[in-house]
Protein chains: 2
Amino acid sequence: MIGLEEVAKLARVSPATASRALHRPELVALRTRERVEQAALELGYRPNVLARSLRTRGSRTLGLIVTDILNPFHATLAKGVQDAAEAQGYTVLMFNSDEQPDKERRALETLQGHLPQGLIVVPTSQTGDNLRIVPGLPVVELDRTSGLPDAHSVMVDNVSGAREAVAHLTGLGHRRIGMIVGRQDVSTARERLQGYREALAAAGLPYLESLVLPGNHREADGRLASMQLLSQRERPTALFVGNNEMTVGAVLAARDLGLELPRDLSIVGFDDSRWAQTMSPALTVVAQPTYELGMVACQWLLSVIQGNPWPENVRLPTVLIHRSSTAPPQPTRSPAQAASP
Amino acid sequence: MIGLEEVAKLARVSPATASRALHRPELVALRTRERVEQAALELGYRPNVLARSLRTRGSRTLGLIVTDILNPFHATLAKGVQDAAEAQGYTVLMFNSDEQPDKERRALETLQGHLPQGLIVVPTSQTGDNLRIVPGLPVVELDRTSGLPDAHSVMVDNVSGAREAVAHLTGLGHRRIGMIVGRQDVSTARERLQGYREALAAAGLPYLESLVLPGNHREADGRLASMQLLSQRERPTALFVGNNEMTVGAVLAARDLGLELPRDLSIVGFDDSRWAQTMSPALTVVAQPTYELGMVACQWLLSVIQGNPWPENVRLPTVLIHRSSTAPPQPTRSPAQAASP
DNA sequence: ATGAAAGCGCTAACAT
DNA sequence: ATGTTAGCGCTTTCAT
């Protein structure tokens with residue numbers, strides 16, 4: 001490997017000067033600087049960031065922990081983070097917690113050894129505890145919040161997004177609206193449920209526990225919960241589903257039950273995706289600015305690392321995209337359609 | 001930060017002994033070792049991997065460059081790599097080339113400073129050149145090959161996968177089979193085209209250039225190419241599409257043209273996905289062992305890093321999954337159906 | 001404006 | 001079996 005010493009020798013200066021020439025140009029005479037730059041170029045010099053980090057205790061490295069890299073939503077978040085980091089010359093160490101607090105802990109332990117300068121994390125239920133592994137590290141929580149009182153977070157406005165989605169359904173005339181909701185120890189799930197309740201209240205509809213089924217954010221859970229919900233004697237005419245994966249499950253459940261969208265059932269999902277766009281019928285969804293979410297979180301973190309104060313927590317807006325999976329409920333329903341299996 | 005020195009002090013040994021106790025246990029008396037371990041635990045000691053790497057010139061770090069992290073195929077590859085690396089205590093630095101040789105080059109430059117011990121790369125067209133940035137680094141090419149004569153690669157058997165797909169179509173009785181093929185500077189595209197030709201030949205069908213349209217691996221290209229292909233006077237009765245993204249485009253094009261699958265058109269895609277599974281009709285595809293691909297590549301690289309010789313290049317098998325988008329061609333076709341727009 | 005020297009935290013000779 | 005010493009490549013005082 002080409003080291004600074006070789007460069008210095010070729011440029012006939014000391015290693016110290018060579019170092020300064022390359023990243024403190026103002027401290028060095030123009031002519032010497034040019035010589036050093038020339039030498040570096042000639043030798044193909046690449047600074048050893050490990051040595052630099054060790055010395056400066058600043059690694060130009062950020063940690064990123066997402067809960068499921070296979071979920072396109074998270075992949076998009078990650079891309080936003082990476083692009084923002086790269087633009088400022090930072091390297092991202094990405095880990096995957098798979099929603100498991102234990103894997104998150106291990107990721108943090110590994111990460112710590114790399115002396116990251118900041119962390120962006122999509123929290124699990126134990127993030128509050130786990131973060132004690134990296135005391136003093138600037139942390140931005142992404143998409144959800146761990147609930148730590150001094151947490152800094154970049155999220156979408158889940159309450160309003162959910163409210164808008166459900167208001168759309170009530171506006172169409174639906175009065176029995178089911179919800180498949182995520183785990184209540186995840187902040188997004190709590191907030192989306194709240195939006196659902198608010199929209200019902202605004203429409204003068206009662207909140208019925210029997211219409212709200214929990215799922216564990218995965219397709220299979222969404223499918224199971226939807227099956228149950230749609231097999232009730234008096235099944236809902238519309239469904240609001242709390243995340244992208246479970247929405248897939250809901251659509252499949254409807255299909256299994258022979259329900260045609262939107263004639264027999266309206267569905268609104270949370271989070272847009274190509275899948276939602278290309279399904280037939282195309283899905284009405286609450287779209288999130290996913291890429292921006294990641295990018296903003298990263299820019300925000302970098303700004304703090306560079307010494308600026310923490311800004312206020314950020315809430316990006318969602319947009320309801322009206323496609324073809326929602327329609328007014330059937331004016332009349334034959335008993336056959338309400339049959340239980 | 002807690003350093004080895006603090007641990008050593010608490011355990012009343014020298015830093016050197018503390019270091020040995022923690023990762024060369026056999027060189028240290030059992031009792032001292034226990035004292036050191038205890039001390040490390042008590043203080044929450046985490047080794048500074050930067051310092052370690054600097055000293056040992058071995059960073060326990062691998063580079064991974066994929067061409068599109070938003071493509072679920074690549075996300076799955078990445079997960080396979082990460083899981084395999086983590087299992088052996090290696091950290092993965094992941095980058096995204098977006099199919100741009102230039103971004104690939106920058107990724108390699110950044111990576112080099114981190115002293116990676118190996119690299120896994122999904123090559124772009126310039127990877128051969130770019131790899132000169134990291135001379136001597138063990139490299140595994142994943143999914144595709146750069147064409148370098150001494151490249152080591154982990155791929156699927158594209159020729160046979162494509163051949164099987166097209167043979168399936170000829171077996172159903174199709175005689176006009178179109179193909180949407182990727183860029184010919186990407187090895188997978190070349191190989192899949194070859195499989196297509198072989199299957200046609202085996203069925204005694206001529207290879208018609210007019211039935212083979214190129215696309216740039218993206219949905220939009222697939223859609224455009226399919227539109228053209230399906231608007232021909234005598235349009236194909238079946239389509240073989242060279243990758244997952246373009247298959248989406250092909251399905252949308254068919255939909256736009258009012259063609260019903262599989263009655264008016266059979267489609268086989270390359271690479272399975274949830275989208276392919278949940279589309280209606282569910283898509284017949286050539287499935288790849290994507291996760292295994294990433295995992296094998298990583299295990300392979302690690303084995304080489306640990307001093308073993310390079311194994312033979314690996315070709316994992318594909319599996320044709322027969323779903324509902326393929327059927328025998330219509331026995332008769334009314335002129336109306338073959339109309340051009 | 002430049003150089004000499006020290007040291008980031010760790011590990012590997014080399015001693016004992 | 002353990003301690004002493006040196007040095008990985010870089011940056012940063014402190015001199016000059």
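Only heavy atoms go into these numbers, but all of them, side chains included; no hydrogens, no water, no symmetry mates.
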S.K.: Indicate yes or no: does B:E26 engage B:R20 in a salt bridge with an N to O separation below 4.0 Å.
M.R.: no

S.K.: Out of C:dG9, C:dT11, D:dT11, which has the shortest distance to the side chain of A:R57?
M.R.: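 Of C:dG9, C:dT11, D:dT11, C:dG9 is nearest to the side chain of A:R57.
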
S.K.: Can a side chain N or O of A:T17 be found less than 4.0 Å away from OP1 or OP2 on C:dT2?
M.R.: no

S.K.: State which of C:dG3, D:dG3, D:dC10 makes the closest approach to the side chain of A:S14.
M.R.: C:dG3

S.K.: At less than 4.0 Å, is any side-chain N or O atom of A:T32 found next to OP1 or OP2 of C:dT2? Yes or no.
M.R.: yes

S.K.: Within the 3.5 Å criterion, strictly below it, is a donor on B:E42 or B:Q38 matched to an acceptor on the partner's side chain?
M.R.: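 Result is yes, a qualifying pair exists.
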
S.K.: For A:L22 and D:dT11, give me the distance from atom CG to atom P, rounded to whole Å.
M.R.: 8 Å

S.K.: Rounded to the nearest Å, what distance is computed from the CG atom of residue B:L27 to the P atom of nucleotide C:dT11?
M.R.: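 Roughly 13 Å, once rounded to whole Å.
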
S.K.: Are any of A:R55's side-chain N or O atoms less than 4.0 Å away from OP1 or OP2 of C:dG9?
M.R.: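 It does not, given that no N or O in the side chain of A:R55 lies less than 4.0 Å from OP1 or OP2 of C:dG9.
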
S.K.: If you take atom types as modelled and just measure distance, does the side chain of B:R20 reach the base of D:dG3 with a donor-acceptor pair under 3.5 Å?
M.R.: yes

S.K.: Looking only at side-chain atoms of A:T56, point me to the closest of C:dG3, C:dC10, D:dT12.
M.R.: D:dT12

S.K.: OP1 or OP2 of C:dT11 sitting under 4.0 Å from any side-chain N/O of B:R52?
M.R.: yes

S.K.: I need the CZ-P distance between B:R24 and D:dA1, as an integer number of Å.
M.R.: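 For the pair B:R24 CZ and D:dA1 P, the rounded distance is 15 Å.
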
S.K.: Taking 4.0 angstrom as the limit, do B:R315 and B:E191 come out as a salt bridge?
M.R.: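 B:E191 and B:R315: salt-bridged.
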
S.K.: Can you tell me the distance, in whole Å, between the CG atom of B:L50 and the P atom of C:dT11?
M.R.: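 Answer to the nearest Å: 12 Å.
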
S.K.: Between B:W300 and B:H152, what is the ring plane arrangement, given parallel below 30°, perpendicular above 60°, and tilted in between?
M.R.: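 Because their plane-to-plane angle is over 60°, the rings of B:W300 and B:H152 count as perpendicular.
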
S.K.: Ion pair present between B:R218 and B:D68, side-chain N to carboxylate O less than 4.0 angstrom?
M.R.: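 Result for this pair is yes, salt bridge flagged.
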
S.K.: Can you tell me how far P of C:dG9 sits from CG of B:L115, to the nearest Å?
M.R.: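 Atom-to-atom, B:L115 to C:dG9, this comes out as 19 Å.
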
S.K.: To the nearest angstrom, how far is B:E5 atom CD from D:dT4 atom C1'?
M.R.: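 That distance rounds to 13 Å.
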
S.K.: In plain terms, say whether B:R60 and B:E86 are close enough for a salt bridge, that is, a side-chain N and a carboxylate O under 4.0 Å apart.
M.R.: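 Not counted as a salt bridge, because no side-chain N and carboxylate O are separated by less than 4.0 Å.
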
S.K.: Side chain of A:N48, heavy atoms from C-beta onward: which of D:dG9, C:dT2, D:dT12 has the nearest atom to it?
M.R.: D:dG9

S.K.: More 5' along DNA chain C: A:L30 or B:P47, using each one's nearest nucleotide?
M.R.: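 Its nearest nucleotide lies further toward 5', so the answer is A:L30.
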
S.K.: Using a 4.0 Å heavy-atom cut-off across all strands, classify A:V49 as base, sugar-phosphate, or nothing.
M.R.: nothing

S.K.: Of the candidate nucleotides C:dT11, D:dT4, C:dG9, which contains the atom at the shortest distance from the side chain of B:L54?
M.R.: C:dG9

S.K.: Could you state the CD-P distance from B:E34 to D:dA1, rounded to the nearest angstrom?
M.R.: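 My rounded result for the distance is 15 Å.
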
S.K.: Using atom NE2 of B:H23 as one end and atom C1' of C:dT11 as the other, report the distance to the nearest whole Å.
M.R.: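 About 6 Å, once rounded to whole Å.
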
S.K.: State which of C:dG3, C:dC10, C:dA12 makes the closest approach to the side chain of B:A16.
M.R.: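 The answer is C:dA12.
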
S.K.: Which one, D:dT4, D:dT12, C:dC10, comes nearest to the side chain of B:L4?
M.R.: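 Out of D:dT4, D:dT12, C:dC10, the nucleotide with an atom closest to B:L4's side chain is C:dC10.
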
